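Read the structure below first, then the notes.
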Amino acid sequence: MKNTISSTNDPSLRVGVVGLGHWGPNHARHFSRLAQLTGICDSQAARLHKVRDLYPGSRCYQDFGEMLAECPLDAVVIATPTSSHEKLVTAALRAGKHVLCEKPLGLSSRLTRQLCAEARRNRRVLMVGHTFLFNPGIRYLRDTMANRKCGRIFYLHSKRTHYGLFRPDVSVVWDLASHDVAIFNFLLNTEPIEVSAVGHDWLRKGIQDLSFITLRYPGNVMAHVHVSWLDPKKEREIMVVGDKKMLVWQDMASPGPVFIYDRFVVKEPAVMREFGDFQLFPKEGDITIPKLNLEEPLLVQAREFLAAVRENRRPLSDGAFASRIVAVLEAIDQSMKARGKPIKLSRAGVR
Ligand SMILES: NC(=O)c1ccc[n+]([C@@H]2O[C@H](COP(=O)([O-])OP(=O)(O)OC[C@H]3O[C@@H](n4cnc5c(N)ncnc54)[C@H](O)[C@@H]3O)[C@@H](O)[C@H]2O)c1
């Protein structure tokens, strides 16, 4: 997967944003600066009114179909609830628009694969907002791992918890763990071969508020995700343990989000054979906090989308990448239903 991000400002590209709830206005803000925000749309009039005064040059719509038919647009950003993505992305691609859709791309890997095929047929860019691929801290982890500075990777761990922001249409797995699976796939540049998960739905029947997920990646790399909407603490943490170094990313940590622990275990022949053939010595060095250029990930993501449209190429976090995340989320659901039964994954047909 490509690991460099292009940047572009293109005032000739006309972009529309649909979904002006919690997240969509952030897209509107970036695209109004990087391109021409020609249309904004939300089915709720109150949400539309709240945003429209900020963009007096944009046309306002309550109906997405109407925006597609009437507004001069090259691309649309879809920031509506996940359960609506497949329908809206299909409509946008069929209307000949490039699409940046919020994560996760949809609720079915079969349907999301069809969206990828539709984008290819129409020669349109289909990108998905797996924002953490554009996060400077996560990119630093990825570069450090790609340069083999951590050595062989043993395991990864992630914790993504907060209190509230319960979604009515998808569980905490689709809402939050979609980020972690995307981050792990990006960091390891591969996909899990098996998942097992347990979770529980205390607040709404059938919509898990908590999940503990174990993923097995090729090369005996293990990964674990803890996601919850019912946690007293807001935490966003990724940990990578290799045989040369250990890395921790903590969003919002001061003085920087990445910590590099110079920790590794040395194996030496045992002095007394009855204690085993080897003895293990945990070694400890410095903890380094690298200085990073902390650009807003959503802005970097918007630039990558516009560059992919202009250059007519696949973006980082394209439909195929996102569709494979959906396949993992489906397997997690399947495992949770079977109380943690391991589910094997194949990559068949997703490219
Ligand atoms: N990448 C990230 O870090 C990140 C962060 C937050 C949310 N998200 C994603 O963004 C999406 C939206 O999340 P949110 O928190 O803003 O949700 P939200 O419920 O706050 O807002 C969704 C908005 O979409 C509107 N809407 C729904 N269906 C519509 C339709 N057919 N036509 C027009 N408008 C419609 C609703 O009226 C609402 O205003 C979700 O997929 C979520 O997973 C991503």
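Side-chain atoms are counted along with the backbone in the values below, which use heavy atoms only and exclude waters and symmetry mates. Please read all numbers here as calculations on a predicted model, not as lab measurements. In each ligand, atom 1 is the first atom listed, and ligand 1 is the first ligand listed. We count residues from 1, following the sequence as given.
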Next on the checklist: Nearest 0.5 angstrom please: S228 OG to K233 NZ, how far?
Outcome noted: 12.5 Å

Going by the order shown, which atoms of ligand 1 are within less than 4.0 Å of some heavy atom of [X]?
{"X": "G129", "result": "1 (N)"}
{"X": "K103", "result": "9 (C), 41 (O), 42 (C), 43 (O), 44 (C)"}
{"X": "R47", "result": "20 (O), 21 (O), 38 (C), 39 (O)"}

Checklist entry - Are R236 and H162 linked by a side-chain donor-acceptor pair shorter than 3.5 Å? => result yes

Checklist entry - If we ignore angles and hydrogens, is there a donor and acceptor under 3.5 Å between the side chains of W23 and E102? => result yes

Just to confirm my output: which protein heavy-atom neighbour is closest to [atom], and how far is it?
{"atom": "atom 21 (O) of ligand 1", "answer": "G21 CA, 3.3 Å"}
{"atom": "atom 20 (O) of ligand 1", "answer": "H22 N, 2.9 Å"}
{"atom": "atom 1 (N) of ligand 1", "answer": "T131 OG1, 2.6 Å"}
{"atom": "atom 27 (C) of ligand 1", "answer": "P81 CD, 3.4 Å"}
{"atom": "atom 14 (P) of ligand 1", "answer": "R167 NH1, 3.7 Å"}
{"atom": "atom 11 (C) of ligand 1", "answer": "T80 O, 3.3 Å"}
{"atom": "atom 24 (O) of ligand 1", "answer": "G19 CA, 3.5 Å"}
{"atom": "atom 33 (C) of ligand 1", "answer": "S43 N, 3.3 Å"}

Next on the checklist: Check this for me: R148, atom CZ, are more than 12 non-hydrogen atoms of other residues, nucleotides or ligands nearer than 6.0 Å?
Outcome noted: no

Checklist entry - Among Y61, W23, F134, which one has a heavy atom closest to atom 5 (C) of ligand 1? => result W23

Next on the checklist: Please state which option from L105, V128, L88 has its nearest heavy atom closest to atom 31 (N) of ligand 1.
Outcome noted: L88

If you measure from each heavy atom of [X] to ligand 1, is any distance below 4.0 Å?
{"X": "Q62", "value": "no"}
{"X": "H179", "value": "yes"}
{"X": "H85", "value": "yes"}

Side-chain contact test, heavy atoms from C-beta onward, threshold under 4.5 Å: evaluate it for [X] versus [Y] and give yes or no.
{"X": "E268", "Y": "V266", "answer": "yes"}
{"X": "P315", "Y": "F305", "answer": "no"}
{"X": "L73", "Y": "V76", "answer": "yes"}
{"X": "C41", "Y": "V17", "answer": "no"}

Item to check | Whether R124 side chain and G96 backbone form a donor-acceptor pair below 3.5 Å | outcome: yes

Next on the checklist: With a heavy-atom distance limit of 4.0 Å, tell me whether E102 approaches ligand 1 through its side chain, its backbone, both, or neither.
Outcome noted: side chain

Checklist entry - Does L165 approach ligand 1 within less than 4.0 angstrom via side chain, backbone, both or neither, non-hydrogen atoms only? => result neither

Item to check | Hydrophobic cluster partners of L280 (side-chain heavy atoms under 4.5 Å) | outcome: V265

In a table with atom names and distances, give each donor-acceptor pair under 3.5 Å that connects a side chain of residues 240-247 to protein atoms at least two apart or in another chain.
unit_1	atom_1	unit_2	atom_2	d
D243	OD1	R152	N	2.9
K245	NZ	D262	OD1	3.1

Checklist entry - Considering distance alone, does some N or O of S84 sit under 3.5 Å from an N or O of ligand 1? => result no

